[in-house]
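All values reported here derive from a predicted model rather than from experimental measurement.
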Amino acid sequence: IYLFPSHDIPAPDDFARKDWFCMRDYHVFSSDNLTDWNDHGVIVTQEKVNWVDPKTYSMWAPDCIEKDGKYYFFFPANIKAGSGRGFGVGVAIADKPEGPYTPQPEPIKGVSGIDPVVLMDKDGQAYLYWSQGNIFVAKLKDNLLELDSEVKVVGDLPKEGLKEGPFVFERNGIYYLTYPHVQNKIERLEYAI
């Protein structure tokens, strides 16, 4: 099994928010038994992605999928000033799950937010989900680097409060969406089918 976590580090001197998330890079870990883990090291770092503002330490929750023998690592980060505003979602590609990964020169056009996750449906169609207050979804083109539909808000979720961190999967013909929901300072893990 391969694990692609975000990586929260102690805040360096040049980071203003000492009490906030401070995430400079991503590692990948592997295990044959879920007890002993091998750290394959840094696979993507903010200093080596052209469009990422390296002063923001904003490489939050990622996802990785395999397609046609290639590994596609989806990650959020703050965009450099002059290139846009807020968070973008980028893709880095590798031939093996442990890398090396090559980040694409630009984030996915039309995606603004965090916590990307990809559902590869049974018919081979890929869907990108992400959050920014709400949860959004769009089809991906076959290259997994561009949107192939309009962006839609996932409806029928609670109207009030922050929704983030989506995870989507299919089991026995039913699609499940899990997400953290923060309302009135209470955070719950909820799901929809």
Side-chain angles (χ1 to χ4, degrees), residues 3-29 39-65 71-94 99-119 126-138 140-141 143-147 150-154 157 161-168 178-182 185 187:
L3 181 65
F4 296 85
S6 50
H7 181 206
D8 202 359
I9 63 172
D13 291 338
D14 65 343
F15 189 57
R17 295 185 69 185
K18 303 293 186 219
D19 62 339
W20 192 242
F21 306 111
C22 187
M23 300 178 179
R24 170 193 287 148
D25 56 34
Y26 297 102
H27 288 234
V28 62
F29 297 83
D39 181 354
H40 296 278
V42 174
I43 58 169
V44 175
T45 183
Q46 65 184 9
E47 289 84 9
K48 294 185 180 177
V49 181
N50 294 341
W51 56 270
V52 171
D53 182 347
K55 296 176 185 165
T56 60
Y57 298 89
S58 60
M59 300 190 113
W60 295 359
D63 191 24
C64 190
I65 66 165
Y71 294 84
Y72 295 81
F73 181 74
F74 294 80
F75 62 94
N78 267 309
I79 297 172
K80 284 182 182 174
S83 302
R85 277 191 81 220
F87 276 87
V89 171
V91 183
I93 303 172
Y101 282 84
T102 302
Q104 300 304 292
E106 299 292 332
I108 300 173
K109 187 177 178 181
V111 177
S112 178
I114 60 172
D115 304 340
V117 65
V118 176
L119 169 71
Y127 297 86
L128 178 64
Y129 294 78
W130 68 95
S131 58
Q132 186 158 344
N134 281 307
I135 297 175
F136 301 89
V137 61
L140 285 169
K141 288 188 177 180
N143 65 12
L144 302 183
L145 303 176
E146 302 170 88
L147 298 186
E150 290 185 24
V151 174
K152 295 182 180 183
V153 175
V154 175
L157 299 180
L162 169 74
K163 294 160 289 289
E164 62 181 355
F167 182 72
V168 182
T178 66
Y179 56 95
H181 177 211
V182 182
K185 298 183 180 181
E187 184 167 2

Do the side chain of [X] and the main chain of [Y] share a donor and acceptor less than 3.5 angstrom apart?
X    : Y    : result
E164 : S131 : no
W130 : S112 : yes
D63  : V117 : no

Hey, what do you get for [atom1] ([X]) to [atom2] ([Y]), rounding to the nearest 0.5 Å?
X    : Y    : atom1 : atom2 : answer
K48  : I43  : NZ    : CD1   : 13.0 Å
E106 : E146 : CD    : CD    : 12.0 Å
S58  : Q46  : OG    : CD    : 6.5 Å
E150 : F136 : CD    : CZ    : 13.5 Å
L140 : L119 : CG    : CG    : 10.0 Å
N134 : Y179 : CG    : OH    : 10.5 Å

Please tell me if the side chains of [X] and [Y] come closer than 4.5 Å, counting only heavy atoms from C-beta onward.
X   : Y    : answer
I93 : Q104 : yes
P12 : Y57  : yes
C22 : P10  : no
M59 : V49  : yes

Contacts of type ring pair (Phe, Tyr, Trp, His ring centres under 6.0 Å), residue F87, not counting sequence neighbours: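 With sequence neighbours excluded, F87 shows a ring pair (Phe, Tyr, Trp, His ring centres under 6.0 Å) to W60, given in chain and number order.
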Scan for side chain to side chain donor-acceptor pair (under 3.5 Å) pairs involving residues 18-29, sequence neighbours excluded, and state none if there are none.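 Applying side chain to side chain donor-acceptor pair (under 3.5 Å) to every pair that reaches into residues 18-29, excluding sequence neighbours, yields H7-D25, H27-D39.
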Between [X] and [Y], what is the shortest heavy-atom contact and its length?
X    : Y    : result
L157 : I135 : CD1-CD1, 4.1 Å
Y101 : P103 : O-CD, 3.6 Å
K80  : N50  : NZ-O, 2.8 Å
G113 : P76  : O-CB, 3.9 Å
P116 : A61  : CD-O, 3.2 Å
A77  : W51  : O-CZ3, 3.6 Å

Exactly one of V28, I65, V44 should register a side-chain contact (heavy atoms from CB on, under 4.5 Å) with F73. Which one does?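 The residue from V28, I65, V44 that satisfies side-chain contact (heavy atoms from CB on, under 4.5 Å) with F73 turns out to be V44.
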Among N143, L144, V118, which one satisfies side-chain contact (heavy atoms from CB on, under 4.5 Å) with Y72?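 Of the listed residues N143, L144, V118, the side-chain contact (heavy atoms from CB on, under 4.5 Å) partner of Y72 is L144.
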Neighbour count >12 (heavy atoms, 6.0 Å) for atom CD, E47: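 More than 12 within 6.0 Å, yes.
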